[in-house]
Amino acid sequence: MRAPSILLIPATLCLLLSLPGRAQSSSVTDDLPSAPEPQQQQPQNPPPAKPDQSQQPTAPNLGDLGFPTQQTQADPKLQARLDRRTHMLKVHQKLGIITLAPMAATLFTGPLAKAKGRNGQTISEPSDTNLDIHAALGGLTAAMYFTTAWYAIDAPRVPGVPHRGPIRFHEALAWIHGPGMIATPILGYMAYKQENSGEKVHGIASAHGAVADITIASYAAAILAVSWPLKFHRH
């Protein structure tokens with residue numbers, strides 16, 4: 001029977017043709033590179049922050065300029081010393097100007113407290129009222145003067161700060177009107193005792209008026225040296 005064998009020939013050829021193709025496709029597949037595996041994306045660094053344009057550049061401090069910290073820090077004790085000195089000198093200045101009023105009044109009432117007349121003439125003694133007014137004004141002047149001086153003497157000193165110009169002249173005049181304020185009341189008391197005894201003022205007591213004039217003149221000059229034009233500090 002030949003028919004079946006003839007039918008097997010095409011089937012055999014198809015089988016043979018199919019086998020090399022599969023082998024070739026398999027080899028081609030093996031030769032192809034594998035697809036790349038997906039890589040994980042690494043987080044990117046954030047961009048640097050931009051400087052704030054609204055902020056102004058800061059000025060260099062004293063430390064940047066080379067000054068040590070000990071020299072640039074404030075000294076609270078020194079500041080308190082300066083504040084106390086400033087306050088006391090302001091009070092000294094105001095009291096000194098106020099003291100001029102009773103001092104001038106004492107000077108003007110001085111002639112009223114003197115006896116009138118010359119030797120060989122009838123001497124009119126000053127009234128008790130004139131003497132009392134003159135003595136009271138002199139005592140008030142002395143009290144205010146020494147109170148004013150105390151504010152200047154007791155004011156804290158600042159080391160290393162020399163006095164110059166008008167301040168030195170002001171302090172130099174204190175050596176004139178200071179002793180004068182001590183001598184004037186003493187000489188006035190001596191003159192008062194002599195007049196009460198019915199005597200004419202004589203001796204050192206007669207210098208009472210001249211010493212008083214020099215004292216007031218030097219005191220007024222000391223005030224003008226540091227207060228002209230006059231200025232009052234307000235708190």
Side-chain angles (χ1 to χ4, degrees), residues 84-117 124-157 163-197 199-235:
R84 177 175 172 79
R85 177 174 176 81
T86 301
H87 170 71
M88 296 191 71
L89 290 181
K90 286 181 179 179
V91 176
H92 168 75
Q93 182 184 24
K94 291 181 179 180
L95 287 179
I97 296 174
I98 295 173
T99 305
L100 278 174
M103 184 178 291
T106 305
L107 179 65
F108 293 148
T109 57
L112 300 177
K114 291 182 179 180
K116 305 297 188 299
S124 59
E125 297 293 338
S127 64
D128 293 338
T129 302
N130 292 342
L131 289 172
D132 293 340
I133 292 176
H134 182 71
L137 289 173
L140 177 62
T141 300
M144 294 192 64
Y145 174 87
F146 290 111
T147 302
T148 302
W150 178 83
Y151 274 94
I153 296 172
D154 193 59
R157 303 290 178 180
H163 295 169
R164 301 171 181 170
I167 298 297
R168 296 185 63 180
F169 183 65
H170 175 82
E171 293 180 345
L173 288 173
W175 293 98
I176 299 176
H177 59 72
M181 282 300 302
I182 297 175
T184 299
I186 296 175
L187 296 176
Y189 178 76
M190 294 172 60
Y192 175 78
K193 295 293 290 183
Q194 291 177 2
E195 289 187 350
N196 276 348
S197 301
E199 302 176 4
K200 186 176 178 59
V201 177
H202 58 278
I204 193 175
S206 60
H208 168 69
V211 173
D213 293 340
I214 295 173
T215 300
I216 294 176
S218 59
Y219 182 80
I223 291 179
L224 291 177
V226 294
S227 303
W228 184 263
L230 299 179
K231 295 180 181 180
F232 294 92
H233 299 274
R234 296 181 179 179
H235 296 282

Query raised in the report: Do you know which two heavy atoms are closest between Pro166 and Ala225, and how far apart they sit?
Result: CB-O, 3.1 Å
Query - Minimum heavy-atom distance Arg157-Ala152, with the two atoms named - result: NH2-O, 3.9 Å
Query raised in the report: Backbone N or O of Leu137 within a donor-acceptor pair of the Thr106 side chain at under 3.5 Å?
Result: yes
Query raised in the report: Is Phe146 close to Ile182 at the side-chain level, that is, under 4.5 Å between some pair of heavy atoms?
Result: yes
Query raised in the report: Can you tell me how far NE2 of His92 sits from CD1 of Ile97, rounded to the nearest 0.5 angstrom?
Result: 10.0 Å
Report task. Could you tell me which non-hydrogen atom of Ser206 sits nearest to which non-hydrogen atom of Gly203, and how far apart they are? Result -> OG-O, 2.5 Å
Report summary line: When rounded to the nearest 0.5 Å, the distance separating OG1 of Thr99 from CD1 of Ile223 is 7.0 Å
**Report entry** Which atom of Gly180 lies closest to which atom of Pro185, heavy atoms considered
**Finding:** O-CD, 4.4 Å
Report task. Output yes when a side-chain donor or acceptor of Thr141 lies under 3.5 Å from a complementary backbone atom of Pro102, and no otherwise. Result -> yes
Query raised in the report: Out of curiosity, Tyr145 OH to Met103 CE, how far, rounded to the nearest 0.5 Å?
Result: 7.5 Å
Query raised in the report: Just wondering, do Thr129 and Asp132 contact through their side chains at under 4.5 Å, heavy atoms?
Result: no
Query raised in the report: Can you name the nearest heavy-atom pair linking Leu89 to Ala155, along with the distance?
Result: CD2-CB, 4.2 Å
Query - Validation row: Val201, His208 side chains within 4.5 angstrom (heavy atoms) - result: no
Query - Qualifying residue for side-chain contact (heavy atoms from CB on, under 4.5 Å) with Thr86, from Lys90, Met88, Arg84 - result: Lys90
Query raised in the report: Can you check whether Thr215's main-chain N or O pairs, donor with acceptor, with His177's side chain at less than 3.5 Å?
Result: no
Query - Distance-minimising heavy-atom pair for Val226 and Gln93 - result: O-NE2, 4.2 Å
**Report entry** Atom pair OG1 (Thr109) and CG (Leu131), whose distance is rounded to the nearest 0.5 Å
**Finding:** 10.0 Å
Query - Residues which pass side-chain hydrogen bond (donor to acceptor under 3.5 Å, both in side chains) with Tyr151, listed by chain and number, not counting sequence neighbours - result: none
Query raised in the report: side-chain contact (heavy atoms from CB on, under 4.5 Å) between Leu100 and Tyr219: does it pass, once the steps are laid out?
Result: CA-CA 9 Å; Leu100 278 174; Tyr219 182 80; 3.7 Å; yes
**Report entry** Distance, nearest 0.5 Å, that separates CE of Met181 from CD1 of Ile216
**Finding:** 8.5 Å
